[in-house]
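Just so it is clear, the values below take in all heavy atoms, side chains as well, and ignore hydrogens, waters and symmetry mates.
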Amino acid sequence: MAAQMAALNIVFEAPDNAKGPCPSKVRPIDLVHLAKQTMGDKTLEIEVLQMFARQARACLQDIASGETVRVGAAAHRLKGAASSVGAFRVSQTAEVIEATGGDAGTMAALGAAVLDAENFILKLCRG
């Protein structure tokens, strides 16, 4: 009886990782968020991610122009697109650039985040 009670307690206890990061949140694309946005439609997920990758590249080109108005507008577009697909690191970095105009370090961080997201998307498309 004691063993059964112990087993029941283990089954109904909260997992000890409850406060840890969600594995999906540490990926370049949060697949849980993306699935919610696309209602689980895998074909739509791939299509949306491919569109995001193209848009991200175009935004990076505008940001690299150095023209203040173009940089701000492109960073804003990229922030919104990244948030919608679950590319939260891209979104957060683009938000910094939108707010500050971005320095070389932030621009490099944005380029790296976009590259990580693109590579992740390519792997998903092959799978």
Side-chain angles (χ1 to χ4, degrees):
M1 184 70 158
Q4 288 175 334
M5 290 303 293
L8 281 175
N9 285 338
I10 290 170
V11 169
F12 291 107
E13 283 180 7
D16 43 345
N17 67 346
K19 294 181 184 172
C22 173
S24 187
K25 299 260 189 234
V26 297
R27 294 183 183 132
I29 304 288
D30 182 339
L31 296 176
V32 173
H33 176 81
L34 181 62
K36 287 178 186 173
Q37 294 295 90
T38 60
M39 293 180 272
D41 183 332
K42 297 299 181 195
T43 303
L44 181 58
E45 285 179 13
I46 295 298
E47 187 177 327
V48 166
L49 287 174
Q50 289 173 336
M51 286 179 6
F52 166 72
R54 285 191 299 274
Q55 183 177 11
R57 274 288 156 188
C59 288
L60 283 180
Q61 288 178 343
D62 285 345
I63 290 169
S65 75
E67 297 174 26
T68 306
V69 173
R70 282 179 69 189
V71 168
H76 182 77
R77 283 192 314 274
L78 184 54
K79 177 183 74 172
S83 291
S84 67
V85 300
F88 295 122
R89 196 173 79 186
V90 172
S91 177
Q92 291 164 350
T93 310
E95 184 174 25
V96 171
I97 291 173
E98 180 185 18
T100 66
D103 58 15
T106 309
M107 299 275 195
L110 180 62
V114 168
L115 185 60
D116 284 348
E118 287 177 335
N119 287 335
F120 190 80
I121 292 165
L122 285 171
K123 288 176 188 174
L124 285 176
C125 292
R126 286 188 202 139

T93 side chain to R89 backbone, donor-acceptor under 3.5 Å: yes
Sidechain-backbone polar pair: S83 side chain, G80 backbone, donor-acceptor under 3.5 Å: no
Between [atom1] of [X] and [atom2] of [Y], what distance do you get to the nearest 0.5 Å?
{"X": "C59", "Y": "K79", "atom1": "SG", "atom2": "NZ", "result": "12.5 Å"}
{"X": "S84", "Y": "Q55", "atom1": "OG", "atom2": "CD", "result": "8.0 Å"}
{"X": "Q37", "Y": "H33", "atom1": "CD", "atom2": "NE2", "result": "4.0 Å"}
{"X": "L31", "Y": "E45", "atom1": "CG", "atom2": "CD", "result": "7.0 Å"}

Qualifying residue for side-chain contact (heavy atoms from CB on, under 4.5 Å) with I46, from L124, D41, T38: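 Testing I46 for a side-chain contact (heavy atoms from CB on, under 4.5 Å) against L124, D41, T38 leaves exactly one candidate, L124.
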Residues D62 and S65: side-chain donor-acceptor under 3.5 angstrom: no
Does any non-hydrogen side-chain atom of [Y] lie less than 4.5 Å from one of [X]?
{"X": "L78", "Y": "F52", "value": "yes"}
{"X": "V85", "Y": "V90", "value": "no"}
{"X": "M107", "Y": "I97", "value": "yes"}
{"X": "T100", "Y": "T106", "value": "no"}

Side chain to side chain donor-acceptor pair (under 3.5 Å) against E118, all qualifying residues, sequence neighbours excluded: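 Scan of E118 (side chain to side chain donor-acceptor pair (under 3.5 Å), adjacent residues dropped) gives R57.
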Taking every non-hydrogen atom, the tightest pair across A117 and I29: CB-CD1, 4.1 Å
Closest contact, heavy atoms only, I121 versus A53: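 Scanning both residues completely, I find the closest heavy atoms to be CD1-CB, 4.2 Å.
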Joint hydrophobic cluster, L60 plus V71, side-chain heavy atoms closer than 4.5 Å: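 In one cluster: yes.
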Within one Ile-Leu-Val-Met-Phe-Trp-Tyr cluster: L44 and L34, side-chain cutoff 4.5 Å: yes
